[in-house]
Amino acid sequence: MAIKTTLRPGLIQIRVLDLDKTLNFYKDILGLDEVCRTEDGRVCLKAPDEFDHHSVTLRLADSPGVDYVMFKVDKNKLEDLAQKTADFGYPVTEVAANTDQPGFGRSYKYKICTGHEFRIYSDVELTDDGPMIKNPDPWVKPPRGMNAQRLDHFLLYGPNIEEAEKYCKEVFGMFTPEVCNNPDGSRLATWITGCNKPHDLAFVEYPEPGKIHHIGFLLQDWNAIGNAADYMGKYGLKRDVGPTRHAITRGQTIYFWEPSGNRIEVYCGGYTAYPDNPLRVWDAEMVGKGLFYYEGELAPSFLEIVT
Amino acid sequence: MTYHKIIVDEQEPFLCSEDKTIMRTMCEKNAGHIQYGCCGGGCGVCKGRILEGKYEVVSKMSRDHISREEERIDIVLLCCVAPRSDLIIGSNY
């Protein structure tokens, strides 16, 4: 498929309780590189296989969680998407270039029905530290830690996810390869993508707005998942579930918590999603097997703990 | 290293050293019965109250889960505190 309109989730700003300790995790264990710091003390990071300026920003705060997520969109469609977002019912505010995220061009910010702040942008500087493009080697600097390749997706918790799904489809031009429905037919969870990945983002219905379940980073393969598990053991990171495999998305995975209590997923594999494929549907009573195929049942902590 | 005796909800005591959090020790020794999650002060699952004894908050607790008032009356996240004396802890705060 041609990737059009919305290219990918391009940045997430995360709140952390202990900046130094948590930054050490993102750099030395997850394998991201520090790009720069802002005047107000935030730290900007990128994964080694990303071309854009940065993809993760850490902000010291009194509680962990997500400040906002940013989606990179086609450069000819930014204004159109801002207008369509306003028409959909979410008032947008312009954020001038280089006023919040270093290296990022003009963006629009708005809050969606689930209580999450979204931002869209199209221009961002390329990093000086990106993958090679001339006779490229697989990596520039030797892989470090878990060797996260790039930001992959995030799972957001909040109310009225059916409207959020509608927004992503109608305005972002995304589609849903897979959903999970309650017995009455309402959505319990939805997986949404704008490309061939099984998900760029996902939502779970939840009464409290603005929550995040996890941030997903791509690893190369199943061996890398095992390597990541070794790092969790060595450095005492609290594991939630895995190593295991999802039936939903079919990805291979571990969930664990970084030092400030934000849940991280290291993820690889998954099926190829096409917008013309039939929708995969899970019944709520089967979601345990859907999420954790090897175990065949839910870990209670998995659905209940969010930040 | 100094170890202290910890009693949670009148159950069997266990020892916890001053350089470890109570929750980390409970996980390692399979002691106590309080549920836990992130072990990083973020998720709020391991909330309890220090009923007797001295302790130190060794890492930050999320304000979403421990208010200033709760902190003042010794309600804590057990993944963020280490003992400085023998402790009696209650989960029914």
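Order of the sequence lines sets the chain letters (A, B, ...), proteins ahead of strands, with each chain counted from 1.
- Between F154(A) and I12(A), the closest side-chain pair of non-hydrogen atoms falls below 4.5 Å.
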Test ring pair (Phe, Tyr, Trp, His ring centres under 6.0 Å) applied to Y206(A) and H213(A), step by step: CA-CA 11 Å; Y206(A) 193 68; H213(A) 182 275; 9.7 Å; no

side-chain hydrogen bond (donor to acceptor under 3.5 Å, both in side chains) between R42(A) and Q13(A), intermediate numbers included: CA-CA 9 Å; R42(A) 289 171 293 152; Q13(A) 180 163 305; 3.0 Å; yes

Intermediate values then yes/no, side-chain hydrogen bond (donor to acceptor under 3.5 Å, both in side chains), E18(B) and T2(B): CA-CA 6 Å; E18(B) 290 196 349; T2(B) 307; 4.5 Å; no

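- Using a 4.5 Å cut-off between non-hydrogen atoms, the part of residues 235-244 of chain A that approaches chain B consists of G236(A), K238(A).
- Of the two parts of L60(A), only the side chain, counted from C-beta on, holds a non-hydrogen atom closer than 4.5 Å to a non-hydrogen atom of chain B.
- K60(B) meets the salt bridge (Lys or Arg N to Asp or Glu O under 4.0 Å) test with D62(A); sequence neighbours excluded.
- The salt bridge (Lys or Arg N to Asp or Glu O under 4.0 Å) search around K211(A) returns E208(A), D64(B), not counting sequence neighbours.
- Between R263(A) and F302(A), the shortest heavy-atom distance links the atoms NH2-O, 3.6 Å.
- Between S260(A) and D18(A), the side chains place no donor N or O within less than 3.5 Å of an acceptor N or O (distance only, hydrogens not considered).
- Contact of C79(B) with chain A is not made at all, since no heavy-atom distance falls under 4.5 Å.
- Residues of residues 19-35 of chain A lying under 4.5 angstrom from chain B, judged on non-hydrogen atoms, are K21(A) in numerical order.
- For the pair R68(B) and E71(B), the salt-bridge criterion is not met [side-chain N within less than 4.0 Å of a carboxylate O].
- Between M26(B) and F14(B), the shortest heavy-atom contact is CG-CZ, 3.3 Å.
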Check against salt bridge (charged side-chain N to carboxylate O under 4.0 Å, His left out), E56(B) and R84(B): CA-CA 7 Å; E56(B) 183 179 347; R84(B) 295 295 177 260; 2.7 Å; yes

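- Proximity to chain B (any heavy atom under 4.5 Å) is shown, for L17(A), by both the backbone and the side chain.
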